[in-house]
There are 2 protein chains.
Amino acid sequence: MVTIKDVARRAAVSPSTVSRVIAGSNRISLQTKLRVQQAMEELNYVPNAIARSLARSHTRTIGFTVARQADEAFANPFFSEVMRGMSTVAQALDYNILLSINPSAEEEREKCMRLIKERRVDGLIVSTSRMKDRLIDALAEEQIPFVLIGRSAEKPVLSVNNDNVQAARTATAHLFEQGYERVLFLGGDRRLVVTQDRLAGYKQACYEWQRAYDESHALEAEFSIEGGYRALLEAKERGIAFDAVLAADDLLALGALKYAETSHYRVPEQLGVVGFNDSPLLSFVRPPMTSVRILAYELGIEAMELLIDTLENPAKAGMKKEILLPSELIVRASSVRSGGENTAGR
Amino acid sequence: MVTIKDVARRAAVSPSTVSRVIAGSNRISLQTKLRVQQAMEELNYVPNAIARSLARSHTRTIGFTVARQADEAFANPFFSEVMRGMSTVAQALDYNILLSINPSAEEEREKCMRLIKERRVDGLIVSTSRMKDRLIDALAEEQIPFVLIGRSAEKPVLSVNNDNVQAARTATAHLFEQGYERVLFLGGDRRLVVTQDRLAGYKQACYEWQRAYDESHALEAEFSIEGGYRALLEAKERGIAFDAVLAADDLLALGALKYAETSHYRVPEQLGVVGFNDSPLLSFVRPPMTSVRILAYELGIEAMELLIDTLENPAKAGMKKEILLPSELIVRASSVRSGGENTAGR
DNA sequence: CTGTTAGCGCCTTCAA
DNA sequence: TTGAAGGCGCTAACAG
């Protein structure tokens, strides 16, 4: 291995001089700088990042952690896109990404703390947030630099989120506009902030359109196609009437489609369906599915930029910026009634 | 920050003694060991991984690199699953994963070399392999520990792959069995080994079923739904007749479905379609699509295990093991003809 | 502008 | 079984 000493020897200078040209210091004569650079090239020298990290006590690497139950759709393209976004800015700003996929929230929490205490990463980007989130508590308490993709329901933290309330409100309103009377909210885990926010938007639309809302209209489903399917079956068995579904994820919406199919309801005539995330294949599903398009790539970009910015400008660390990204309702056949331009209400 | 010295002081021993209990040395009295452990707990001490890495000259982190053109489907759930697999064994064996998504093959290559020369990672897992792959050349030449997810067309290297030849052969045979006469191969970039392997399997089946094959039957498409669609349109314009398509990826297969739709061919009656990767939503596409299921998660597992094994047992580094995982054809409606149990041939 | 010195936090001989 | 000393490769005062 070629070290800074080898370069120093070859350029006939001291190691610190070499260190200076690496750092791009200007307190150096052009002449020796050139000599050192030549030596570095001839020796094919690349500074050891580990030694650097130890000396400077930071690593230029960011940890990204996800908690995914094995079966749950980590396949969700959402995460791939977020990662691509993060990667783009990391690359540009010369940072690295340490990835940790964890089987449970507990293990994620432990992993996060460990990455920080081991000093492997300078900061963290974490994703799913619960209403009462122990990970966020711990991170905040220990003053660890991190940004949340999502929103914190409690203390203010750095976060990047899409406007779930607004998006759910728009999507629900769209269904009402199409003439659907009884829209059900089909959400995932109630403890997740994202579920609550989408539910809030749904309720808001109900209120604005003066539709009755009670607890029975908000279903909680296991996060899968099957889960969505079963939740609707149960709802029906419990005698809940509905002619449309706002699902908090495409998987659940697909479950609704399956429900319609097995129960012989026609979509969109007898059942309107709207999903969340706009998975790429949705236009091939029959009928093509309406869904809220989330700016996942941009979410990744913003999160990484925000984190690195606070890392490099500790002054800003105080202000808990919360970035909100817009989303867009992509209307397809699953929620458009032939004669449904019923713009009653409001 | 609490260091090994703090622990030493509190336990009234020397730092080297603390170091020994961290390493789990047995040349230590139970008594002092306990005392040290207690001190570590009381101080909430976690060894600094960077300092450790420097002293031991390895990092216990593995680099995983992908080259993805921005638009191309990194969204492909394949990678998420591979990552999940890698993560599972990394977690279990106490390794970390450094993720690098690169815009191009060149940048991927540079990033790989850099990660290694900077000593940020102990080894690499790389994914896409080309027929004449400069990345693999470079890695092999510099004796860098790495495993390839895929197959190297040239020099033998450690690799984990699914049996593409066999899978394509089976899928093609399935189409012939269903009575299709003219099956087209719809592949992605010709320079990719995976494309060549799937094409080889396709040819093999053609040969076994005594069907004519010439170059015009193997289409090269841009890797997207649109790309698959256009490739088939062009084929038709060039006067190539076909009644079935074996696509080397689900996206391309979806393009075939789109082609059928716009050209008013009925699937599967007039056009049979088979894809690769069995993306989760495929059963909701209309008609449900036949596809080859790849063991992506297992691919990730095997790759990580193989790499760590060679890292920790340098003796094995010589033998270039190649692991081959089976895949499975998931038959759905897009390739099953009503009266198509035509088991002619062979 | 450049070299010397002293760490960063941990590991690893070598003695005792 | 334990401690002292030196080193991993680089950075950062402090002199000069």
Side-chain angles (χ1 to χ4, degrees), chain A residues 1-40 43-61 94 96 114-122 312, chain B residues 1-40 43-61 94 114-122:
Chain A
M1 152 167 276
V2 29
T3 76
I4 202 171
K5 284 186 191 164
D6 302 320
V7 177
R9 206 169 305 133
R10 187 178 245 273
V13 294
S14 77
S16 26
T17 301
V18 178
S19 179
R20 285 194 190 93
V21 350
I22 293 174
S25 162
N26 51 349
R27 304 191 320 175
I28 222 170
S29 79
L30 181 62
Q31 194 173 321
T32 62
K33 179 189 233 173
L34 256 33
R35 225 174 49 245
V36 169
Q37 284 175 336
Q38 186 178 344
M40 296 201 304
L43 264 40
N44 200 354
Y45 168 75
V46 178
N48 180 319
I50 302 301
R52 268 195 125 176
S53 296
L54 184 59
R56 312 186 59 165
S57 59
H58 65 243
T59 59
R60 287 192 92 80
T61 114
D94 195 27
N96 291 97
R114 182 147 171 232
L115 286 176
I116 287 286
K117 303 214 80 165
E118 282 185 331
R119 305 257 146 184
R120 274 187 199 277
V121 301
D122 295 340
E312 298 186 345
Chain B
M1 152 165 275
V2 30
T3 77
I4 204 172
K5 282 186 193 165
D6 302 320
V7 177
R9 206 169 305 132
R10 187 177 245 273
V13 295
S14 77
S16 23
T17 301
V18 178
S19 179
R20 286 196 188 91
V21 349
I22 294 173
S25 163
N26 51 349
R27 305 189 319 173
I28 220 170
S29 79
L30 181 62
Q31 195 173 322
T32 63
K33 178 189 235 173
L34 256 33
R35 223 173 52 243
V36 170
Q37 284 174 335
Q38 186 180 344
M40 296 201 303
L43 263 42
N44 199 354
Y45 168 76
V46 179
N48 179 319
I50 302 301
R52 264 191 129 181
S53 296
L54 184 59
R56 312 188 59 166
S57 60
H58 64 242
T59 58
R60 287 191 93 79
T61 114
D94 196 25
R114 186 150 168 228
L115 286 176
I116 288 287
K117 303 214 81 165
E118 282 185 331
R119 305 257 148 185
R120 274 187 199 276
V121 301
D122 296 340

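Each chain gets a letter, A, B and so on, in the order the sequences are listed, and its residues count up from 1.
Here A:S29 reaches the OP1 or OP2 of C:dT2: one of its side-chain N or O atoms lies under 4.0 Å away. Phosphate proximity of D:dG3 to B:T17: present, with a side-chain N or O under 4.0 Å from OP1 or OP2. Between A:R52 and D:dT11, a side-chain N or O to OP1/OP2 separation shorter than 4.0 Å is present. Residue A:S19 places at least one side-chain N or O under 4.0 Å from the OP1 or OP2 atom of D:dT11.
Across all strands, A:P47 comes closer than 4.0 Å only to sugar-phosphate atoms, never to a base (heavy-atom distances). Nucleic acid contact for A:S53: none, since no nucleic acid atom lies under 4.0 Å from a heavy atom of the residue. In this structure, B:R119 reaches neither bases nor backbone, as no heavy-atom distance under 4.0 Å exists between it and the strands shown. No contact: A:V18 has no heavy atom under 4.0 Å from any strand.
Between its opening and closing five pairs, the helix from C:dC1-D:dG16 to C:dA16-D:dT1 changes axis direction by 40°, a value rounded to 10 degrees.
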Apply side-chain contact (heavy atoms from CB on, under 4.5 Å) to the pair A:I50 and A:L54, showing each step before the final yes or no.
-> CA-CA 6 Å; A:I50 302 301; A:L54 184 59; 5.8 Å; no

Just do the side-chain contact (heavy atoms from CB on, under 4.5 Å) check on B:V36 and B:M40 with the steps written out, would you?
-> CA-CA 6 Å; B:V36 170; B:M40 296 201 303; 4.2 Å; yes

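DNA chain D is contacted by both A:N48 and B:L30; B:L30 maps to the nucleotide lying nearer its 5′ end (nearest heavy atom per residue).
Under a 3.5 Å cut-off, the side chain of A:S53 and the backbone N or O of A:A49 do form a donor-acceptor pair.
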Contacts table for residues 2-12 of chain B: side-chain donor-acceptor under 3.5 angstrom, sequence neighbours left out:
from	atom 1	to	atom 2	distance (Å)
B:T3	OG1	B:K5	N	3.1
B:D6	OD2	B:T3	N	2.7
B:R10	NH1	B:E42	OE1	2.2

N/O contacts under 3.5 Å, protein versus nucleotides 5-8 of chain C?
from	atom 1	to	atom 2	distance (Å)
C:dC8	O2	A:A55	N	3.4

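For the side chain to side chain contact (heavy atoms under 4.5 Å, CB included) with B:D122, the lone residue among B:T59, B:L115, B:I116, B:T61 that qualifies is B:T59.
Side-chain proximity of A:Y45 to C:dT2, D:dC10, C:dC10: nearest is D:dC10.
One atom, CZ of B:R27, and another, C1' of C:dC14, lie 11 Å apart when rounded to the nearest Å. Between A:R120 atom CZ and C:dG9 atom C1' the separation is 14 Å, expressed in whole Å.
Other residues, nucleotides and ligands place no more than 12 heavy atoms under 6.0 Å from the CZ atom of A:R119.
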